[in-house]
Amino acid sequence: MKNINYIIENFKKTDLFEKIDENKLNSLKNYDTLYSLRFDSFGMRIFAYLNCLRIAKKLEKKVFILWDTAKSTPTAQLHKHEYDDHLVFKNLPIRYFNSDKEFINRYEKNILGITGKILYLENENLKEVLKELSELAKNLELNDELKQKIKNIPEYEYGIHVRTGDITAITANEGKGNYYWFSRFYIGYKKWFPESLALNIIKKINGSSTYIASSSEKFLKDVSNLKNIFINLNNFQENKNITAKKLIIDIYTLSKCKNLICTQRSGVAILATLLSNENVISPEDFLDIGQIYDDLFTVINNQLTESNSPGKLLKKLILLYFTRYYYELFQVKFKNFFKKKVKI
């Protein structure tokens with residue numbers, strides 16, 4: 001991170017720093033073990049772990065990752081990740097957890113990282129916090145297959161992470177059904193940029209060797225025909241954890257680019273930033289603010305129209321009905337029948 005001061009200022013603008021207050025700190029001191037937890041993407045799970053690990057080292061605590069294996073999460077539904085994708089790394093301290101079947105009550109007081117922000121303690125210097133997180137990220141050990149592939153990664157002039165396609169604006173609502181309905185009006189500014197804006201940035205770079213990483217296969221296919229544009233074409237020995245393996249290649253390739261262009265609120269982008277020894281640049285430096293909002297509005301408007309269509313609304317009503325039916329029948333009636341306490 002050559003331009004670490006610039007990165008810190010951009011992180012501040014997106015409210016990415018979170019101070020652990022005295023009450024929380026005193027509570028954490030009562031436990032021998034701290035847990036990191038995120039219900040969503042692979043990148044944010046690793047980022048949460050790094051935050052938890054850094055604080056745990058300060059407090060001399062053990063650390064476990066509560067790795068959500070639920071099939072209803074955006075990780076599973078949108079990106080087709082597998083329950084054991086953590087095996088792309090060696091020796092991660094994993095404790096499996098299924099949010100479809102389990103509650104987090106017994107862990108909630110000693111969980112860190114669930115907010116998806118960079119945690120710091122009173123009087124800590126933010127530059128030192130980022131450097132420590134960067135060191136922890138660089139010390140993560142990949143499995144043997146990926147370790148070999150990372151050694152052969154070429155260096156590009158620019159790297160662009162395009163958080164688009166299947167995760168543009170409001171489509172995260174497709175994970176967990178009605179539970180994510182609260183985010184239906186979430187604009188997502190600074191978290192993702194429409195494909196049209198990414199293409200504008202590519203034009204402004206003007207023919208420099210550029211690596212593009214995206215969750216949208218269609219977008220990658222469209223841009224791969226452009227001059228001096230490179231994408232992930234790696235093949236793997238085993239047909240297992242392919243999505244996670246491709247993601248790791250993207251993260252480490254982006255981190256090696258001389259100029260990394262990415263958002264400040266994506267787990268993939270944050271990990272690539274922490275691994276980078278080069279310049280990290282916000283997409284906004286290449287774009288007009290009015291154009292950003294115009295293009296975002298178009299995408300969000302189209303998605304809201306689709307999400308409010310009769311078919312989508314019917315699906316949500318069915319999910320809501322079955323959620324209440326499950327509560328009434330299995331959690332209330334069974335509780336009364338067996339005459340014993342059940343946590344609800």
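Just so you know, these numbers come straight off a predicted model, no measurement behind them.
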Could you check whether any side-chain heavy atom of [X] comes within less than 4.5 Å of a side-chain heavy atom of [Y], counting everything from C-beta outward?
X    : Y    : answer
F89  : L142 : yes
F39  : F97  : yes
V280 : S276 : yes
K57  : L136 : yes

Check: [Y] main-chain N/O paired with [X] side-chain donor or acceptor under 3.5 Å:
X    : Y    : answer
N259 : I281 : no
K149 : N234 : no
S266 : T263 : no
D21  : K24  : yes
R54  : L119 : yes
E135 : K131 : no
S27  : N23  : no
S255 : A272 : no

Short N-O contact, [X] and [Y], less than 4.0 angstrom:
X    : Y    : value
E124 : K58  : yes
K240 : D84  : yes
K13  : E284 : no
D250 : K246 : no
D85  : R45  : no
E141 : K90  : yes
E9   : K12  : yes
E155 : K256 : no

field: L133 and I118: CA distance, side-chain angles, deciding distance, side-chain contact (heavy atoms from CB on, under 4.5 Å) verdict
entry: CA-CA 9 Å; L133 282 173; I118 296 173; 3.6 Å; yes

Heavy-atom count check: over 12 atoms from other residues, nucleotides or ligands less than 6.0 Å from [X] [atom1]?
X    : atom1 : answer
K138 : NZ    : yes
E128 : CD    : yes
K19  : NZ    : no

Between [Y] and [X], do the side chains contain a donor N or O and an acceptor N or O under 3.5 Å apart?
X    : Y    : answer
T115 : E18  : yes
N228 : S209 : no
N235 : K245 : no
H86  : Y96  : yes
N279 : Y6   : no

Honestly curious: do [X] and [Y] fall in one hydrophobic cluster under the side-chain, below-4.5 Å linking rule?
X    : Y    : value
L126 : L274 : yes
F219 : I201 : yes
I150 : L140 : yes
I212 : F230 : yes
Y252 : V88  : yes

Rounded to the nearest 0.5 Å, what separation is found between the [atom1] atom of [X] and the [atom2] atom of [Y]?
X    : Y    : atom1 : atom2 : result
L37  : I65  : CG    : CD1   : 10.5 Å
N232 : S214 : CG    : OG    : 11.5 Å
N200 : I205 : CG    : CD1   : 11.0 Å
L121 : I55  : CG    : CD1   : 4.0 Å
L66  : I94  : CG    : CD1   : 9.0 Å
L130 : T273 : CG    : OG1   : 9.0 Å

Y158 ring center near Y211 ring center (under 6.0 Å):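 Ring centroids of Y158 and Y211 are no less than 6.0 Å from each other.
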
Do you know the tightest heavy-atom contact between [X] and [Y]?
X   : Y    : answer
E82 : I242 : OE2-N, 3.9 Å
M44 : G267 : SD-CA, 3.3 Å
R38 : D68  : O-CB, 4.3 Å
V63 : P93  : O-CB, 3.4 Å
L92 : I46  : CD1-CD1, 4.0 Å

query: Who are the side-chain hydrogen bond (donor to acceptor under 3.5 Å, both in side chains) partners of E278, not counting sequence neighbours?
result: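 With sequence neighbours excluded, E278 shows a side-chain hydrogen bond (donor to acceptor under 3.5 Å, both in side chains) to K2, given in chain and number order.
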
query: Can you check side-chain contact (heavy atoms from CB on, under 4.5 Å) on F64 and L34, steps first, answer last?
result: CA-CA 7 Å; F64 279 99; L34 304 183; over 6 Å; no

task: Please say whether the positively charged group of K109, taken as NZ for Lys or CZ for Arg, lies over the ring of Y35, i.e. under 6.0 angstrom from the six-membered ring centre and within 45 degrees of the axis.
output: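 Ring-cation test returns no.
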
task: Answer yes or no on whether R95 is positioned over the face of W67, meaning its NZ or CZ is under 6.0 Å from the six-membered ring centre and within 45° of the axis.
output: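 No - R95 does not lie over the ring of W67 by the 6.0 Å and 45° rule.
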
message: Checking L112 against S36 for the side-chain contact (heavy atoms from CB on, under 4.5 Å) test, could you report, in this order, the C-alpha distance in whole Å, the side-chain angles of both residues, the deciding distance, and whether it holds?
response: CA-CA 5 Å; L112 286 176; S36 73; 5.9 Å; no

task: Return the orientation label for the Y120 and F17 ring planes: parallel under 30°, perpendicular over 60°, tilted otherwise.
output: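 Correct class here is perpendicular.
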
task: Could you go through the side-chain contact (heavy atoms from CB on, under 4.5 Å) check for D32 and N110 one step at a time?
output: CA-CA 9 Å; D32 295 325; N110 49 332; over 6 Å; no

